[in-house]
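A, B, ... follow the sequence lines: proteins, then strands. Residue 1 opens every chain.
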Amino acid sequence: MDSLHTWTGLVMGSVLFAVFWMGTLSVFDQEIDRWMAPVTRIPPAEVASLDALRPSYDAAVRANASMWSITLPTDRNPVVKLSYRNGSGTVAQLLDPRSGHILANPGTLGGTSFIYPFHYSLHVSFAQLGTWLVGIAAMGMLTLMVSGVIIHRKIFADFFSLRIAKTQRTVLDLHNVVGVLGLPFHFVITLSGLMIFGLVYFPLTWKAVYPTAEVFGADAFYIFTRPKLDRAGELGSLDTMRAAARREWNTEPRAVQVQYPGDAAAYVSVIHTDPGRVRHALEMMHFDAGTGALLHRSAAPKPILDAWYFIAGMHLIQFNNWTLRWIYFVLGLFGCVMVATGFLFWLESRRKRHAAEGLAGVRVVEGMTIGSVSGIIIATLAFFIANRLLPLGTSVAGIERAALEMWVFYLVWLATFAHAWSRPRAAWREQCIAIAVLAGAAVLLNWVTTGDHLLRALMHRHLWAVAGMDLMLLAGAATAMLMAGRLKDRGALRVSTRGKAVG
Amino acid sequence: MSALAFPLTIAASFLGFSLLALSQTRHWRHTLRNSSEPPNWLRWIMRCVGYIAIGVSLLLALAFEGPGFGALLGGTALSLSGMLVVFSLTWSPHLLRPLALVLSAMTRPHVR
């Protein structure tokens, strides 16, 4: 059990830290979007008329798009998003719901399109390899939690113990305390994450029974489809359909989609979610695009599907509950601490022996740990800073602005590994200082480039997302500074003991 | 959603975990800054009341927030308040000292 825990942690640790880190940030993905896309920092408002969005629909018809969609504003995301796929990719426009004006392209993937997908796919889309890697890491995480409880020598005696006199003791105590006390949350969040992708990880469960994904979708999730007719068709009033959906659900729908724009078989799907409940289910009403007649509506889910909606919902936190959102964020950070201290304990308990026996293990793993822990944090901050420094509309060698931000992330991340392997003794401290400097710089750059400094952001309700982001960056900077200070003391200590041994 | 749900849930489970921690000699001594030991009957009471307080915390969460959000709040509040107790014991044990002093006063007639 001991070696199972050690080896699983060693092999999976880097991926697990990345998943925990990105997952923790994803708790506030839409708030990160507000920070990274300043054009979207507007007070929320209702969209007066969907029919007024007709020009975008006509463009989708001309582009022969397979689908046209409107995502309506919410408390966390105040803009309207119009999008359709044409031959070469997705065309997306953001709209101010108050004026109906089209907003400038923010040129960023932000929290919802970079950080959140990184959490579950590592942005490796080839053969869903990233999703599989995350799945394997999640299985590893479950193994680690079970084996960790079994090998814990004094789980009750040390339940509340955090002794900070000696580094190795502190690291192990911290690992044990966040591991044991965070266990319920970490276990449930890992298991539910696996269950969300259950159909990816266990494809035979449905492929063995259903001929196609459509038939399975219709039977399991009540997804309505009908074939395209390849004849021209009209679009009736979207507002009438929205009104019918509002009468049904008593709230504004989340999104409206039109399948096969311009076709005689086109149909409108009005999508509703209930942010007042834990369960995350997409309920839909489908209307004939031309006549506006109701074609189909999703039935009440069967008990197993309902349970799955609850499990997925508590992982995806699409509900409105700020208390829980912050708790998830804090417990997610504890997950990061657990993975990082696991690595540190591995290093601390082998450092002397490996040095004496001339083994390279500690050196290699230390570089990997620094790159995976402080490195990904630095890369994330560099991503934020690139976002504030690159002017809108920039492109370099045909790479669009949004992709440039991603390149900055990956190149900086790579550089942190190189730095960690080339300067293993100083890297921890230097990267902590880098985190502090970059986080502070991000706050400053946000102020300089948008004028939304912390005080201003705190005074306006619609800027609270920006204020929260700035406050977390400042808290991160302070924590990193504190760590750098403590690492300096420790470094001095180590040098002096070494000097004594040599002398 | 009531504004009281979170503070009450956290407070109840914090009290519960504090009692469980103080029922252990190491934390009892550290908090009281002496070398006394809680008598067994007091240990037993601390553990019972501790578990009851944690149960009450879960019930409070469920009562305020309903079965869905209540279960999530109750469950996550346990992790959070447990860590708060750990951090208090390490960095600011004076937070738990009043509780420990009250409990220690209860033992006085039995010392002799």
Undergrad: For atom CH2 of W464(A), decide whether the heavy atoms of other residues, nucleotides or ligands shown that lie under 6.0 angstrom number more than 12.
TA: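 No.
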Undergrad: So which residues of residues 42-52 of chain B are in contact with chain A at a heavy-atom cut-off of under 4.5 Å?
TA: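 When heavy atoms of chain A are the reference, residues 42-52 of chain B contributes no residue within the under-4.5 Å range.
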Undergrad: Does M483(A) have more than 12 heavy atoms from other residues, nucleotides or ligands lying within 6.0 Å of its CE?
TA: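 Incorrect, the count does not exceed 12.
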Undergrad: Can you tell me how far apart CG (L181(A)) and CG (L84(B)) are? Round to the nearest 0.5 Å.
TA: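 The CG atom of L84(B) is 10.0 Å from CG of L181(A), to the nearest 0.5 Å.
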Undergrad: Are the side chains of M83(B) and V330(A) in contact, using a 4.5 Å heavy-atom criterion?
TA: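 With C-beta onward as the side chain, the pair stays apart.
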Undergrad: Would you indicate whether R277(A), at its atom CZ, is surrounded by more than 12 heavy atoms from other residues, nucleotides or ligands within a distance under 6.0 Å?
TA: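 At most 12 heavy atoms, drawn from other residues, nucleotides or ligands, come within 6.0 Å of this atom.
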Undergrad: Check P184(A) against S79(B) and note the closest heavy-atom contact, atom names and distance.
TA: CD-OG, 4.1 Å
Undergrad: For L89(B), which atoms come within 4.5 Å of any heavy atom of chain A: side chain, backbone, both, or neither?
TA: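 For L89(B), the contact with chain A is made by the side chain alone.
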Undergrad: Who among L72(B), L80(B), T25(B) has the most heavy-atom pairs with chain A under 4.5 Å?
TA: L72(B)
Undergrad: When only heavy atoms count and the cut-off is under 4.5 Å, which of residues 152-164 of chain A reach chain B?
TA: F156(A), A157(A), D158(A), F159(A), F160(A), S161(A), L162(A), R163(A), I164(A)
Undergrad: Just how far is it from atom CG of L73(B) to atom CG of N321(A), taken to the nearest 0.5 Å?
TA: 7.5 Å
Undergrad: May I ask you to test the V178(A)-V86(B) pair for a side-chain heavy-atom distance under 4.5 Å?
TA: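 A side-chain contact is absent here, since even the closest heavy-atom pair is not under 4.5 Å.
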Undergrad: How far apart are the closest heavy atoms of T76(B) and I327(A), and which atoms are they?
TA: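 T76(B) and I327(A) have their closest heavy atoms at CB-CG2, 3.4 Å.
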Undergrad: Heavy-atom cut-off 4.5 Å, strictly under: side chain, backbone, both or neither for F87(B) against chain A?
TA: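 Contact with chain A involves the side chain of F87(B) alone.
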